[in-house]
Amino acid sequence: MSKSLKAVGLVGSALALTCLPAAAQTKVTNEGISASEIVIGTHQDLSGPIKVWGVPVSNGMKMAVEEINAAGGIQGRKIRMILEDNGYDPKKGVLASQKMVERDKIFAMIGSMGSAPTLAAQDILFDAGVLQLFPLTAAEFTFKFDPAKPQERLKFNNLLPYVESTRAALKYMMEWKNFGKPCIMHQDDEYGKNVLDGFNQQLAAMKVQPASITSYKRGASDFSAQIAKMKSDGCDLVVLGTVIRETIGAMTEARKLGWDVTFLGATPTNVLEVPTLGKEAVEGLYAASGFEIPYEDTAKGKVHDWLVNYKKMFGTDANTQAIIGYNAVTTFAFYADKAGKDLTGQKMLDSLESGEKFLDIFNSPPTKFSKTDHLANTITQVQQVRGGRWVLVKDNLMF
């Protein structure tokens, strides 16, 4: 039964206490807020195996910060972003988070990179009352929370979750192409486990047995054994719980063996680098997706202008990752603005849980949270690599 508890005032404390419906209290920091600025933090892979994600994500975040500040900030406050390199290493993610919480006094952690680094560091944030917003992972731990653990209320995710998106895309492919022997190759970490869970759950719902399940260690570059096993097991559809390099490596190996099988990637495979770097080896790849990837020569209006401005700022084309980073900061700014001029941790939390919808410029599904649901949406697309570009195959999928 729900009860309301009165907020407890702590003299000199930087923590505001808010109330959960289950009468448990959540502490939220007021650190990082001054009359002139809001300090936010992020840790990205700028030097490790997925720096092709971390660098453009951080660029997109920088672009959003610059635009918001140029327009007057958030209720008159400028954003100051602290950026650290986690190298896609959980230990570095922990050290970066400790530094930003203890020394930089951040108000919120936004867009942290990777399942393993985010998971390893999140208790540091929760203990300090720091919001964990829109990490660059769609693992379930980033939005599911136990009301009996009030600090878990501080986590929100605006990305399409791996389990649900894998289920929706797999269901569509199985029914569309009548596959009978689906397989999966997944990374052996939290991300890969979520893709595997989606794979297993959907096959169970369809009463289909997997023909093969195989994994690889994060950072691996040789997939010959996994591909050979799946070919031997007679797979007709291979689900990939991979990132960029691993996607290209697995499909290249299949081509070497002359194995003409259909590949379906989880959402992290749906990035420009896969067809750009993989070329003919990844032609025909399908992938689950949260939004349609824009190209400068076909984009229009605000999206076209954004792509042009990104290239001017960073000397390279914008990609999926840059969009995600940009949206992480603009989503934060939207809810911080809705929290009002007298911004506090409690008011920010209330704003996030208010049900207000944020719409980005890229025609993504609306972002909307509530007190009981800290996941933005589960609407999935399927896209395919055709002629070196991602092309929309099917929209508005649910499992």
Side-chain angles (χ1 to χ4, degrees), residues 42-45 48-50 53-54 57 86-94 96-97 109-126 130-146 149 151-170 184-202 213 215-219 239-244 246-247 264-271 287-290 320-321 324-325 327-328 331 367 369 373-380 399:
T42 188
H43 53 94
Q44 304 294 326
D45 182 0
I50 57 169
W53 267 83
V57 164
N86 69 24
Y88 201 39
D89 181 337
K91 292 179 181 178
K92 291 182 179 179
V94 168
S97 297
M109 182 71 77
I110 302 176
S112 58
M113 173 61 68
S115 299
T118 298
L119 179 61
Q122 70 176 8
D123 284 345
I124 294 168
L125 305 179
F126 298 161
V130 174
L131 289 154
Q132 177 176 280
L133 304 180
F134 327 133
L136 271 296
T137 164
E140 291 190 330
F141 75 85
T142 62
F143 58 86
K144 286 190 174 181
F145 62 98
D146 182 355
K149 299 176 181 178
Q151 291 312 105
E152 289 195 353
R153 187 184 173 199
L154 298 176
K155 55 188 178 182
F156 294 79
N157 200 321
N158 65 341
L159 294 183
L160 188 63
Y162 300 135
V163 172
E164 286 79 358
S165 59
T166 299
R167 290 194 62 174
L170 178 59
I184 186 170
M185 186 184 95
H186 66 93
Q187 194 160 277
D188 67 343
D189 62 2
E190 190 68 23
Y191 155 57
K193 181 183 181 299
N194 272 247
V195 177
L196 176 62
D197 287 345
F199 175 83
N200 285 334
Q201 289 174 23
Q202 189 55 43
I213 295 176
S215 65
Y216 65 91
K217 291 191 177 297
R218 186 172 65 244
V239 174
L240 293 173
T242 53
V243 195
I244 297 170
E246 298 83 359
T247 303
L264 171 64
T267 52
T269 68
N270 182 230
V271 293
S289 172
T320 310
Q321 303 91 300
I324 292 172
N327 276 350
T331 305
T367 293
F369 305 105
D373 188 356
H374 287 188
L375 173 66
N377 73 83
T378 57
I379 300 172
T380 307
F399 65 85

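Exactly one residue among Asp45, Asp188, Asp189 makes a salt bridge (charged side-chain N to carboxylate O under 4.0 Å, His left out) with Arg218. That residue is Asp189.
Taking CD1 of Ile244 as the start and OG1 of Thr269 as the end, the distance is 9.5 Å to the nearest 0.5 Å. To the nearest 0.5 angstrom, Ile324 atom CD1 is 8.5 Å from Asn158 atom CG. A distance of 4.5 Å separates CD in Gln202 from CZ in Arg167, rounded to the nearest 0.5 Å. Taking CG from Leu160 and CD1 from Ile379, the interatomic distance works out to 9.0 Å, rounded to the nearest 0.5 Å.
When every heavy atom of Ala288 is checked against every heavy atom of Asn270, the shortest pair comes out as O-CB, 3.6 Å. Closest of all the heavy-atom pairs between Asp146 and Glu152 is N-OE1, 3.0 Å. Scanning all heavy atoms of the two residues, the minimum distance from Val243 to Ile50 falls at CG1-CG2, 3.8 Å. Minimum interatomic distance between Ser97 and Met109 (heavy atoms only, all atoms of both residues): OG-CE, 3.7 Å. The heavy-atom pair separating Leu136 from Gly111 by the smallest distance is CD2-O, 3.2 Å. Tyr216 approaches Gln187 most closely through the heavy-atom pair OH-OE1, 3.1 Å.
In this structure, Tyr162 contributes its side chain and Val195 its backbone to no donor-acceptor pair below 3.5 Å. Without hydrogens or angle criteria, Asn86 side chain to Met113 main chain gives a donor-acceptor distance under 3.5 Å.
Legend: residues meeting salt bridge (charged side-chain N to carboxylate O under 4.0 Å, His left out) with Asp89, ordered by chain and number and at least two apart, are absent. Scored by the side chain to side chain contact (heavy atoms under 4.5 Å, CB included) test, Pro161 finds Phe143, Glu164, Leu375, Thr378 as partners (sequence neighbours excluded). Partners of Asp123 according to the side chain to side chain contact (heavy atoms under 4.5 Å, CB included) rule, which considers only residues two or more places apart in sequence or in another chain, are Phe126. Under the salt bridge (charged side-chain N to carboxylate O under 4.0 Å, His left out) criterion, Lys193 pairs with Asp197, sequence neighbours left out. Contacts of Thr367 classified as side chain to side chain donor-acceptor pair (under 3.5 Å), with partners at least two apart in sequence or in another chain: none.
The stretch residues 131-141 participates, sequence neighbours left out, in these salt bridge (Lys or Arg N to Asp or Glu O under 4.0 Å) pairs: Glu140-Lys144.
Put simply, the side chain of Gln122 reaches to within 4.5 Å of the side chain of Phe141, judged on heavy atoms. At least one side-chain heavy atom of Val163 sits less than 4.5 Å from a side-chain heavy atom of Gln201. Proximity of Pro268 to Thr242: side-chain heavy atoms (C-beta onward) are nowhere separated by under 4.5 Å. Annotation: side chain of Asn327 is not in contact with side chain of Phe134 (no heavy-atom distance under 4.5 Å). Side-chain contact between Ile213 and Asn200 is present, with at least one heavy-atom pair separated by less than 4.5 Å. In this structure the side chain of Thr142 never reaches within 4.5 angstrom of the side chain of Lys155, judged on heavy atoms. Looking only at side-chain heavy atoms (C-beta outward), Phe145 and Leu154 stay at 4.5 Å or farther from each other.
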Please walk me through it: do Thr380 and Ser165 pass side-chain hydrogen bond (donor to acceptor under 3.5 Å, both in side chains)?
CA-CA 6 Å; Thr380 307; Ser165 59; 5.2 Å; no
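Side-chain atoms of Thr118 and Ser112 include a donor-acceptor pair closer than 3.5 Å.
Ring pair His374/Phe156 is parallel by interplanar angle, where below 30° counts as parallel and above 60° as perpendicular.
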